[in-house]
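A short write-up of the structure that comes next.
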Amino acid sequence: MNKIFFLLLLLVATVITTQAQTITITNNGNLAFNKSIVGISWKQVIAKYPTIDTANFKVVNAATKKEIPYQLEYLGFADVQNLLLQVSVPAKGKLVLIAVKGKPAAVTPATYGRYVPERKEDFAWENDKIAFRMYGKELEKTPKEMAYGIDVWVKRVSRLILNERYKRGDYHIDHGDGLDYYHVGFTLGAGNMMPLDNDTICYSKNYTSYKVLDNGPLRTTFQLFYDEWKVGKQTVTAVKTISLDAGSQLNKITVAYKANGSDSLPVVTGIITRKGSGVKYLNEQAGIMAYWEPQHEKDGTTGIACLLQTPIAQMNDNKGQLVAQANTSVGNIITYYAGAAWDKAGEITNADAWIKYLNSYKLRLEYPLLVVTSK
(Lines give C-alpha, C1' and ligand atoms only; values in the text may rest on other atoms or scores of the structure.)
Protein backbone atom coordinates (compact mmCIF):
# COMPACT_ATOMS: atom_id res chain seq x y z
CA MET A 1 0.00 0.00 0.00
CA ASN A 2 2.81 2.39 0.95
CA LYS A 3 4.62 1.54 -2.29
CA ILE A 4 1.51 2.28 -4.35
CA PHE A 5 0.99 5.55 -2.49
CA PHE A 6 4.62 6.53 -3.13
CA LEU A 7 4.27 5.79 -6.83
CA LEU A 8 1.13 7.93 -7.01
CA LEU A 9 2.93 10.84 -5.36
CA LEU A 10 5.81 10.44 -7.78
CA LEU A 11 3.41 10.45 -10.72
CA VAL A 12 1.64 13.60 -9.50
CA ALA A 13 4.95 15.35 -8.94
CA THR A 14 6.11 14.40 -12.43
CA VAL A 15 2.90 15.74 -13.99
CA ILE A 16 3.14 19.01 -12.06
CA THR A 17 6.79 19.47 -13.03
CA THR A 18 6.06 18.67 -16.67
CA GLN A 19 3.17 21.13 -16.80
CA ALA A 20 4.93 23.88 -14.86
CA GLN A 21 5.50 27.07 -16.82
CA THR A 22 8.86 28.59 -15.90
CA ILE A 23 10.04 32.16 -16.17
CA THR A 24 13.76 32.80 -15.76
CA ILE A 25 14.77 36.37 -14.96
CA THR A 26 18.47 37.23 -15.21
CA ASN A 27 20.25 40.31 -13.91
CA ASN A 28 23.51 40.85 -15.80
CA GLY A 29 24.15 44.22 -14.18
CA ASN A 30 26.16 45.18 -11.12
CA LEU A 31 23.15 46.57 -9.25
CA ALA A 32 20.40 44.62 -7.54
CA PHE A 33 16.77 45.09 -8.56
CA ASN A 34 14.55 45.35 -5.49
CA LYS A 35 10.79 44.94 -5.92
CA SER A 36 11.11 46.15 -9.50
CA ILE A 37 8.50 45.76 -12.21
CA VAL A 38 9.47 43.64 -15.22
CA GLY A 39 7.22 43.02 -18.20
CA ILE A 40 6.80 39.95 -20.39
CA SER A 41 4.94 40.11 -23.70
CA TRP A 42 1.67 38.22 -23.32
CA LYS A 43 2.12 36.91 -26.87
CA GLN A 44 5.36 35.32 -25.69
CA VAL A 45 3.54 33.78 -22.73
CA ILE A 46 0.67 32.25 -24.70
CA ALA A 47 3.01 31.10 -27.47
CA LYS A 48 4.65 28.83 -24.90
CA TYR A 49 1.53 28.12 -22.83
CA PRO A 50 -1.58 28.42 -25.03
CA THR A 51 -3.91 26.96 -22.40
CA ILE A 52 -3.08 29.46 -19.63
CA ASP A 53 -6.19 30.80 -17.88
CA THR A 54 -5.90 34.54 -17.15
CA ALA A 55 -8.38 34.20 -14.29
CA ASN A 56 -6.76 31.18 -12.67
CA PHE A 57 -2.98 31.22 -12.50
CA LYS A 58 -0.34 32.40 -10.10
CA VAL A 59 3.41 32.88 -10.26
CA VAL A 60 5.68 31.51 -7.52
CA ASN A 61 9.38 31.51 -6.76
CA ALA A 62 10.62 28.06 -7.80
CA ALA A 63 13.04 27.88 -4.85
CA THR A 64 10.98 29.37 -2.00
CA LYS A 65 7.46 28.69 -3.36
CA LYS A 66 6.59 32.27 -2.34
CA GLU A 67 3.97 33.90 -4.56
CA ILE A 68 5.05 36.78 -6.81
CA PRO A 69 2.70 39.79 -7.27
CA TYR A 70 1.67 40.42 -10.85
CA GLN A 71 -0.56 42.58 -13.04
CA LEU A 72 -2.04 41.94 -16.46
CA GLU A 73 -1.28 45.02 -18.55
CA TYR A 74 -3.77 45.98 -21.27
CA LEU A 75 -2.41 49.35 -22.49
CA GLY A 76 -5.94 50.37 -23.41
CA PHE A 77 -6.66 47.28 -25.54
CA ALA A 78 -9.36 44.66 -24.96
CA ASP A 79 -6.78 41.86 -24.74
CA VAL A 80 -3.82 41.44 -22.40
CA GLN A 81 -0.58 42.91 -23.78
CA ASN A 82 1.97 42.14 -21.05
CA LEU A 83 2.43 40.24 -17.81
CA LEU A 84 3.97 42.56 -15.20
CA LEU A 85 5.86 40.93 -12.31
CA GLN A 86 7.22 42.55 -9.16
CA VAL A 87 10.56 40.88 -8.47
CA SER A 88 13.82 41.25 -6.59
CA VAL A 89 16.97 39.95 -8.31
CA PRO A 90 20.52 40.35 -6.91
CA ALA A 91 23.35 41.76 -8.99
CA LYS A 92 24.66 39.16 -11.45
CA GLY A 93 21.89 36.93 -10.17
CA LYS A 94 19.01 34.88 -11.48
CA LEU A 95 15.44 34.22 -10.40
CA VAL A 96 13.40 31.23 -11.56
CA LEU A 97 9.62 31.48 -11.31
CA ILE A 98 6.89 28.95 -12.03
CA ALA A 99 3.44 29.71 -13.41
CA VAL A 100 0.87 27.29 -11.98
CA LYS A 101 -2.89 26.96 -11.87
CA GLY A 102 -4.63 28.52 -8.89
CA LYS A 103 -6.25 31.68 -7.65
CA PRO A 104 -3.58 34.36 -7.08
CA ALA A 105 -3.41 36.32 -3.82
CA ALA A 106 -4.81 39.83 -4.00
CA VAL A 107 -2.19 42.50 -4.67
CA THR A 108 -2.44 45.67 -2.58
CA PRO A 109 -2.74 48.57 -5.05
CA ALA A 110 0.49 50.58 -5.14
CA THR A 111 -0.33 52.85 -8.10
CA TYR A 112 -3.41 54.86 -8.99
CA GLY A 113 -4.52 57.75 -11.17
CA ARG A 114 -7.72 59.55 -12.06
CA TYR A 115 -9.36 62.54 -13.67
CA VAL A 116 -10.43 65.03 -10.98
CA PRO A 117 -13.40 67.04 -12.29
CA GLU A 118 -14.15 68.40 -8.82
CA ARG A 119 -10.78 70.26 -8.82
CA LYS A 120 -10.76 72.11 -12.16
CA GLU A 121 -10.04 69.01 -14.25
CA ASP A 122 -6.76 67.96 -12.69
CA PHE A 123 -5.36 64.60 -13.66
CA ALA A 124 -3.58 63.20 -10.60
CA TRP A 125 -1.60 60.01 -10.11
CA GLU A 126 0.57 58.36 -7.47
CA ASN A 127 2.42 55.28 -6.30
CA ASP A 128 3.65 54.14 -2.90
CA LYS A 129 6.45 56.76 -2.97
CA ILE A 130 5.26 60.03 -4.50
CA ALA A 131 2.33 61.74 -6.28
CA PHE A 132 1.88 64.11 -9.22
CA ARG A 133 -0.74 66.04 -11.15
CA MET A 134 -1.23 67.82 -14.45
CA TYR A 135 -3.67 70.64 -15.04
CA GLY A 136 -6.78 70.65 -17.25
CA LYS A 137 -8.57 73.27 -19.33
CA GLU A 138 -10.81 74.40 -16.49
CA LEU A 139 -7.81 75.89 -14.68
CA GLU A 140 -7.25 78.28 -17.59
CA LYS A 141 -10.36 80.17 -16.44
CA THR A 142 -8.50 81.20 -13.28
CA PRO A 143 -5.35 83.01 -14.52
CA LYS A 144 -3.93 83.46 -11.01
CA GLU A 145 -3.78 79.66 -10.59
CA MET A 146 -2.82 78.81 -14.18
CA ALA A 147 0.23 76.54 -14.56
CA TYR A 148 1.89 74.53 -17.35
CA GLY A 149 4.19 72.05 -15.72
CA ILE A 150 4.04 68.83 -13.70
CA ASP A 151 3.10 69.33 -10.05
CA VAL A 152 4.44 67.19 -7.18
CA TRP A 153 2.55 66.03 -4.11
CA VAL A 154 5.04 64.72 -1.57
CA LYS A 155 4.07 61.80 0.66
CA ARG A 156 5.62 59.72 3.43
CA VAL A 157 3.20 56.81 3.58
CA SER A 158 2.98 53.85 1.23
CA ARG A 159 -0.81 53.87 1.05
CA LEU A 160 -2.64 55.72 -1.73
CA ILE A 161 -3.63 59.21 -0.59
CA LEU A 162 -4.96 61.19 -3.57
CA ASN A 163 -8.63 60.65 -2.87
CA GLU A 164 -8.17 61.42 0.82
CA ARG A 165 -6.50 64.74 0.03
CA TYR A 166 -9.01 65.84 -2.57
CA LYS A 167 -11.87 64.91 -0.22
CA ARG A 168 -10.34 66.97 2.61
CA GLY A 169 -9.74 69.88 0.25
CA ASP A 170 -6.77 71.20 2.25
CA TYR A 171 -3.86 69.37 0.68
CA HIS A 172 -1.51 72.29 1.36
CA ILE A 173 -1.48 71.15 5.01
CA ASP A 174 0.46 68.10 6.19
CA HIS A 175 -1.90 65.77 8.06
CA GLY A 176 0.84 63.21 8.61
CA ASP A 177 0.96 61.75 5.09
CA GLY A 178 2.57 64.70 3.27
CA LEU A 179 1.23 67.68 1.34
CA ASP A 180 1.37 69.85 -1.77
CA TYR A 181 3.83 72.70 -1.31
CA TYR A 182 5.44 72.54 -4.77
CA HIS A 183 5.01 75.63 -6.97
CA VAL A 184 4.75 75.28 -10.76
CA GLY A 185 3.46 78.52 -12.31
CA PHE A 186 4.29 79.33 -15.92
CA THR A 187 7.17 76.86 -16.08
CA LEU A 188 7.83 73.19 -16.88
CA GLY A 189 7.54 72.44 -13.17
CA ALA A 190 8.83 68.99 -12.25
CA GLY A 191 9.92 67.73 -15.66
CA ASN A 192 7.31 68.61 -18.26
CA MET A 193 8.41 68.78 -21.90
CA MET A 194 7.68 71.37 -24.59
CA PRO A 195 8.94 72.13 -28.13
CA LEU A 196 11.60 74.73 -28.68
CA ASP A 197 11.69 77.45 -31.35
CA ASN A 198 15.22 78.86 -31.46
CA ASP A 199 15.69 79.76 -27.78
CA THR A 200 12.00 80.11 -26.95
CA ILE A 201 10.01 77.43 -25.11
CA CYS A 202 6.66 77.11 -26.89
CA TYR A 203 4.15 76.17 -24.20
CA SER A 204 0.96 74.39 -25.06
CA LYS A 205 -2.13 75.12 -23.04
CA ASN A 206 -3.40 72.46 -20.65
CA TYR A 207 -4.59 69.02 -21.68
CA THR A 208 -8.05 68.76 -23.24
CA SER A 209 -8.85 65.04 -22.85
CA TYR A 210 -7.41 61.90 -21.27
CA LYS A 211 -7.47 58.13 -21.48
CA VAL A 212 -6.58 55.66 -18.70
CA LEU A 213 -4.82 52.63 -20.19
CA ASP A 214 -4.10 50.67 -16.99
CA ASN A 215 -4.70 51.55 -13.35
CA GLY A 216 -2.64 49.42 -11.01
CA PRO A 217 -2.04 47.60 -8.87
CA LEU A 218 1.64 47.67 -9.96
CA ARG A 219 1.63 50.13 -12.87
CA THR A 220 -0.66 52.98 -13.85
CA THR A 221 -0.53 54.31 -17.41
CA PHE A 222 -2.60 57.07 -18.97
CA GLN A 223 -2.57 59.50 -21.88
CA LEU A 224 -3.14 63.26 -22.00
CA PHE A 225 -4.15 64.90 -25.28
CA TYR A 226 -3.31 68.50 -26.24
CA ASP A 227 -4.95 70.73 -28.82
CA GLU A 228 -2.81 72.33 -31.51
CA TRP A 229 -0.61 75.33 -30.80
CA LYS A 230 2.04 77.31 -32.66
CA VAL A 231 5.72 76.43 -32.55
CA GLY A 232 7.38 79.07 -34.69
CA LYS A 233 5.72 78.70 -38.08
CA GLN A 234 4.56 75.16 -37.38
CA THR A 235 1.29 73.91 -35.95
CA VAL A 236 1.82 71.17 -33.36
CA THR A 237 -0.35 68.75 -31.36
CA ALA A 238 0.80 66.30 -28.70
CA VAL A 239 -0.14 63.12 -26.86
CA LYS A 240 1.70 62.40 -23.62
CA THR A 241 1.72 58.83 -22.32
CA ILE A 242 2.72 58.69 -18.66
CA SER A 243 3.46 55.50 -16.74
CA LEU A 244 4.34 55.11 -13.05
CA ASP A 245 5.49 51.83 -11.46
CA ALA A 246 5.20 50.77 -7.85
CA GLY A 247 8.36 51.63 -5.95
CA SER A 248 9.69 54.15 -8.48
CA GLN A 249 10.40 57.84 -7.90
CA LEU A 250 10.31 58.47 -11.67
CA ASN A 251 7.59 58.46 -14.32
CA LYS A 252 8.23 57.10 -17.79
CA ILE A 253 6.91 59.70 -20.24
CA THR A 254 6.54 59.27 -23.99
CA VAL A 255 5.55 62.34 -25.99
CA ALA A 256 4.24 61.95 -29.55
CA TYR A 257 4.10 65.22 -31.46
CA LYS A 258 2.44 65.91 -34.78
CA ALA A 259 4.00 68.82 -36.63
CA ASN A 260 3.15 70.07 -40.08
CA GLY A 261 6.66 71.16 -40.91
CA SER A 262 9.15 68.45 -39.94
CA ASP A 263 9.70 64.87 -38.83
CA SER A 264 11.79 65.87 -35.82
CA LEU A 265 11.38 68.68 -33.30
CA PRO A 266 13.83 70.27 -30.87
CA VAL A 267 12.35 69.92 -27.38
CA VAL A 268 13.25 70.77 -23.80
CA THR A 269 12.36 69.16 -20.52
CA GLY A 270 12.78 71.36 -17.49
CA ILE A 271 12.75 71.92 -13.74
CA ILE A 272 11.78 75.15 -12.02
CA THR A 273 14.46 76.49 -9.65
CA ARG A 274 14.02 78.43 -6.39
CA LYS A 275 15.79 81.23 -4.57
CA GLY A 276 18.35 79.89 -2.13
CA SER A 277 21.12 77.33 -1.99
CA GLY A 278 19.72 74.41 -3.95
CA VAL A 279 21.99 71.79 -5.53
CA LYS A 280 22.02 71.63 -9.34
CA TYR A 281 23.34 68.56 -11.14
CA LEU A 282 23.72 68.73 -14.93
CA ASN A 283 25.31 65.65 -16.50
CA GLU A 284 24.86 65.88 -20.26
CA GLN A 285 26.84 62.72 -20.98
CA ALA A 286 24.64 60.58 -18.70
CA GLY A 287 21.47 62.46 -19.65
CA ILE A 288 20.68 63.28 -16.01
CA MET A 289 19.46 66.70 -14.90
CA ALA A 290 18.64 66.99 -11.20
CA TYR A 291 17.84 69.62 -8.62
CA TRP A 292 17.78 69.36 -4.84
CA GLU A 293 15.71 72.35 -3.81
CA PRO A 294 16.43 74.69 -0.90
CA GLN A 295 14.49 73.66 2.19
CA HIS A 296 10.93 74.98 2.10
CA GLU A 297 10.47 76.24 5.65
CA LYS A 298 9.02 73.45 7.85
CA ASP A 299 7.80 71.47 4.83
CA GLY A 300 11.16 69.92 4.00
CA THR A 301 13.06 69.54 0.75
CA THR A 302 12.05 68.16 -2.64
CA GLY A 303 14.39 66.63 -5.19
CA ILE A 304 13.38 66.81 -8.87
CA ALA A 305 14.98 65.10 -11.87
CA CYS A 306 14.76 64.43 -15.59
CA LEU A 307 16.57 61.52 -17.20
CA LEU A 308 16.95 61.21 -20.97
CA GLN A 309 18.38 58.32 -22.96
CA THR A 310 18.54 60.28 -26.21
CA PRO A 311 21.55 62.51 -27.04
CA ILE A 312 21.46 65.86 -25.24
CA ALA A 313 22.18 69.00 -27.26
CA GLN A 314 22.77 71.00 -24.08
CA MET A 315 21.76 71.47 -20.45
CA ASN A 316 21.72 74.86 -18.79
CA ASP A 317 20.11 77.17 -16.27
CA ASN A 318 17.72 79.31 -18.30
CA LYS A 319 15.58 82.04 -16.77
CA GLY A 320 14.71 80.26 -13.55
CA GLN A 321 14.59 76.76 -15.00
CA LEU A 322 17.06 73.97 -15.55
CA VAL A 323 16.49 72.77 -19.10
CA ALA A 324 17.78 69.84 -21.14
CA GLN A 325 17.50 70.18 -24.91
CA ALA A 326 17.16 67.18 -27.20
CA ASN A 327 15.52 66.22 -30.47
CA THR A 328 12.60 63.90 -31.04
CA SER A 329 13.17 60.81 -33.14
CA VAL A 330 11.86 60.41 -36.67
CA GLY A 331 8.11 60.64 -36.28
CA ASN A 332 8.40 63.25 -33.53
CA ILE A 333 8.39 60.77 -30.62
CA ILE A 334 10.60 60.95 -27.54
CA THR A 335 10.70 59.00 -24.27
CA TYR A 336 12.24 60.23 -21.05
CA TYR A 337 11.87 59.89 -17.27
CA ALA A 338 10.94 62.55 -14.72
CA GLY A 339 10.03 62.50 -11.07
CA ALA A 340 10.67 63.58 -7.52
CA ALA A 341 11.62 62.61 -3.97
CA TRP A 342 10.99 64.15 -0.55
CA ASP A 343 13.44 64.14 2.33
CA LYS A 344 10.70 63.67 4.95
CA ALA A 345 9.76 60.34 3.40
CA GLY A 346 12.97 59.14 5.06
CA GLU A 347 14.53 57.26 2.13
CA ILE A 348 16.25 59.91 -0.02
CA THR A 349 17.23 62.62 2.43
CA ASN A 350 19.90 64.73 0.72
CA ALA A 351 21.28 65.75 -2.67
CA ASP A 352 23.99 63.07 -2.72
CA ALA A 353 21.44 60.33 -2.12
CA TRP A 354 19.19 61.75 -4.87
CA ILE A 355 22.01 61.85 -7.41
CA LYS A 356 23.08 58.33 -6.43
CA TYR A 357 19.51 57.08 -6.92
CA LEU A 358 19.35 58.66 -10.39
CA ASN A 359 22.68 57.24 -11.55
CA SER A 360 21.61 53.79 -10.32
CA TYR A 361 18.28 54.18 -12.13
CA LYS A 362 20.18 55.03 -15.32
CA LEU A 363 22.38 51.93 -14.97
CA ARG A 364 19.35 49.69 -14.50
CA LEU A 365 17.87 51.10 -17.70
CA GLU A 366 21.12 50.26 -19.49
CA TYR A 367 21.23 46.74 -18.03
CA PRO A 368 17.59 45.68 -17.71
CA LEU A 369 16.36 42.37 -16.39
CA LEU A 370 16.28 39.68 -19.09
CA VAL A 371 13.29 37.36 -19.21
CA VAL A 372 13.07 33.90 -20.79
CA THR A 373 9.95 31.75 -20.67
CA SER A 374 10.03 27.99 -21.12
CA LYS A 375 7.94 24.87 -20.58
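For reference, positions follow the sequence shown, starting with 1.
Side-chain contact of Glu228 with Thr237: a donor-acceptor pair under 3.5 Å is absent, judged by distance alone. With no hydrogens or angles considered, a side-chain donor-acceptor pair links Thr220 and Asn215 at under 3.5 Å. Using modelled atom types, one finds no donor on one side chain facing an acceptor on the other under 3.5 Å when comparing Tyr148 with Asn192. Side-chain atoms of Gln314 and Gln325 form a donor-acceptor pair, as typed in the model, at a separation below 3.5 Å. Using modelled atom types, one finds no donor on one side chain facing an acceptor on the other under 3.5 Å when comparing Trp42 with Asp79. With 3.5 Å as the limit, one finds a donor-acceptor pair spanning the side chains of Ser88 and Asn34.
Scanning both residues, Ala313 and Glu284, for their nearest heavy atoms gives O-OE1, 4.5 Å. Considering all non-hydrogen atoms of both residues, Ala326 and Pro311 come closest at CB-O, 3.6 Å. Taking each heavy atom of Thr269 and Leu188 in turn, the nearest pair found is C-CD1, 3.9 Å. Contact detail for Ile312 and Gly287: the closest heavy-atom pair is CG1-CA, 4.1 Å. The two residues Thr273 and Lys280 make their nearest non-hydrogen contact at CG2-CE, 4.2 Å. Across all their heavy atoms, Leu139 and Glu145 have their closest contact at CD2-O, 3.5 Å.
Using modelled atom types, no side-chain atom of Asn27 and backbone atom of Gly93 make a donor-acceptor pair closer than 3.5 Å. The backbone N or O of Glu73 sits nowhere less than 3.5 Å from a side-chain atom of Asn82 that would complete a donor-acceptor pair. For the pair Thr349 (side chain) and Gly346 (backbone), a donor-acceptor distance under 3.5 Å is absent. In this structure, the side chain of Asn260 does not engage the main chain of Gln234 through any donor-acceptor pair within 3.5 Å. Remark: the backbone N or O of Lys144 is not paired with any side-chain donor or acceptor of Thr142 at under 3.5 angstrom. No donor-acceptor pair closer than 3.5 Å links the side chain of Asn127 to the backbone N or O of Ala246. Remark: side-chain polar atoms of Trp342 are not paired, donor with acceptor, to backbone N or O of Gly300 under 3.5 angstrom. Of the possible donor and acceptor atoms, one in the side chain of Lys65 sits under 3.5 Å from a partner among the backbone N and O of Ala62. The backbone N or O of Ala105 sits less than 3.5 Å from a side-chain atom of Glu67, completing a donor-acceptor pair. Of the possible donor and acceptor atoms, one in the side chain of Lys362 sits under 3.5 Å from a partner among the backbone N and O of Ala286.
In this structure, the ring of Tyr166 has its center less than 6.0 angstrom from the ring center of Trp153.
The structure places CD1 of Ile272 at 14.5 Å from NZ of Lys319, a figure rounded to the nearest 0.5 Å. Here Lys155 contributes atom NZ and Asp180 contributes atom CG; the two are 13.5 Å apart, rounded to the nearest 0.5 Å. Once rounded to the nearest 0.5 Å, the distance linking OG1 of Thr221 with CG of Leu75 reads 6.0 Å. The structure places CE of Met193 at 9.5 Å from OG1 of Thr254, a figure rounded to the nearest 0.5 Å. Taking CG from Asn283 and CE from Met289, the interatomic distance works out to 12.0 Å, rounded to the nearest 0.5 Å. Of the inter-residue distances, the one linking Lys240 atom NZ with Ile253 atom CD1 reads 8.0 Å to the nearest 0.5 angstrom.
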Practice problem: Verify side-chain contact (heavy atoms from CB on, under 4.5 Å) between Gln321 and Ile201, making sure each step is shown before the conclusion. | Solution: CA-CA 11 Å; Gln321 299 189 84; Ile201 300 174; 4.0 Å; yes

Quiz item: What's the verdict on side-chain contact (heavy atoms from CB on, under 4.5 Å) for Ile348 and Trp292, showing C-alpha distance, side-chain angles and the deciding distance?
Solution: CA-CA 11 Å; Ile348 299 171; Trp292 190 255; 4.2 Å; yes

Practice problem: Dump the intermediate steps for side-chain contact (heavy atoms from CB on, under 4.5 Å) on His175 and Asp170, then the final yes or no. | Solution: CA-CA 9 Å; His175 291 275; Asp170 59 353; 3.1 Å; yes

Quiz item: Between Leu213 and Phe222, does a side-chain contact (heavy atoms from CB on, under 4.5 Å) hold up when you go through it step by step?
Solution: CA-CA 5 Å; Leu213 306 183; Phe222 61 95; 5.7 Å; no

Exercise. For the pair Gln223 and Thr241, evaluate side chain to side chain donor-acceptor pair (under 3.5 Å) and give the outcome as yes or no after the intermediate values.
Key: CA-CA 4 Å; Gln223 293 179 316; Thr241 303; 3.2 Å; yes

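Using cut-offs of 30° and 60° on the angle between ring planes, the pair Tyr207 and Tyr210 is perpendicular. Between Phe57 and Tyr70, the ring planes lie parallel to each other; the angle is under 30°, not in the 30° to 60° tilted range.
A continuous path of hydrophobic side-chain contacts links Tyr226 to Tyr257 [ILVMFWY only; heavy atoms under 4.5 Å]. By the rule that hydrophobic residues join a cluster once side-chain heavy atoms approach within less than 4.5 Å of another member, Leu224 and Val239 end up as members of separate clusters. Cluster annotation: Leu322 is connected to Ile304 through the hydrophobic network of ILVMFWY side chains, with a link wherever side-chain heavy atoms come within less than 4.5 Å. Cluster annotation: Val89 is not connected to Leu365 through the hydrophobic network of ILVMFWY side chains, with a link wherever side-chain heavy atoms come within less than 4.5 Å. In the hydrophobic cluster analysis, where Ile, Leu, Val, Met, Phe, Trp and Tyr join through side-chain heavy atoms closer than 4.5 angstrom, Val87 is grouped apart from Ile37.
Classification of Asp177 and Arg159 as a salt-bridged pair holds, one side-chain N sitting under 4.0 Å from a carboxylate O. Lys167 and Glu164 are not joined by a salt bridge, as no carboxylate oxygen comes within less than 4.0 angstrom of a charged side-chain nitrogen. The pair Lys344-Asp174 does not meet the salt-bridge criterion, since no charged nitrogen lies less than 4.0 angstrom from a carboxylate oxygen. Electrostatic pairing of Glu293 and Arg274 counts as a salt bridge here, judged by a charged N lying under 4.0 Å from a carboxylate O. Between Arg219 and Asp245, at least one side-chain nitrogen of the basic residue sits less than 4.0 Å from a carboxylate oxygen of the acidic one, meeting the salt-bridge criterion.
Between Val45 and Ile52 the shortest side-chain heavy-atom distance falls below 4.5 Å. The shortest side-chain heavy-atom distance between Leu363 and Asn30 does not fall under the 4.5 Å cut-off. Between Ile25 and Leu85, the closest side-chain pair of non-hydrogen atoms falls below 4.5 Å. Inter-residue side-chain proximity for Val184 and Tyr135 is flagged as met; some heavy-atom pair is nearer than 4.5 Å. You'll find the side chain of Val255 stays beyond 4.5 Å of the side chain of Ile333, heavy atoms only. For the pair Gln309/Tyr337, a side-chain contact is recorded, criterion being any heavy-atom separation below 4.5 Å from C-beta on. His296 places none of its side-chain heavy atoms less than 4.5 Å from the side chain of Thr301.
A side chain to side chain contact (heavy atoms under 4.5 Å, CB included) with Ser264 holds for exactly one of Ile334, Thr328, Val330; it is Thr328. Here the options are Thr310, Asn251, Leu308, the test is side chain to side chain contact (heavy atoms under 4.5 Å, CB included), and the partner is Tyr336; only Leu308 passes.
Heavy atoms from other residues, nucleotides or ligands lying under 6.0 Å from CZ of Phe225 number more than 12. Residue Lys258 qualifies as open at atom NZ: its count of foreign heavy atoms under 6.0 Å is 12 or below.
Cation-pi contact between Arg364 and Tyr357: absent, since separation from the ring centre below 6.0 Å together with deviation from the ring axis within 45° is not met.
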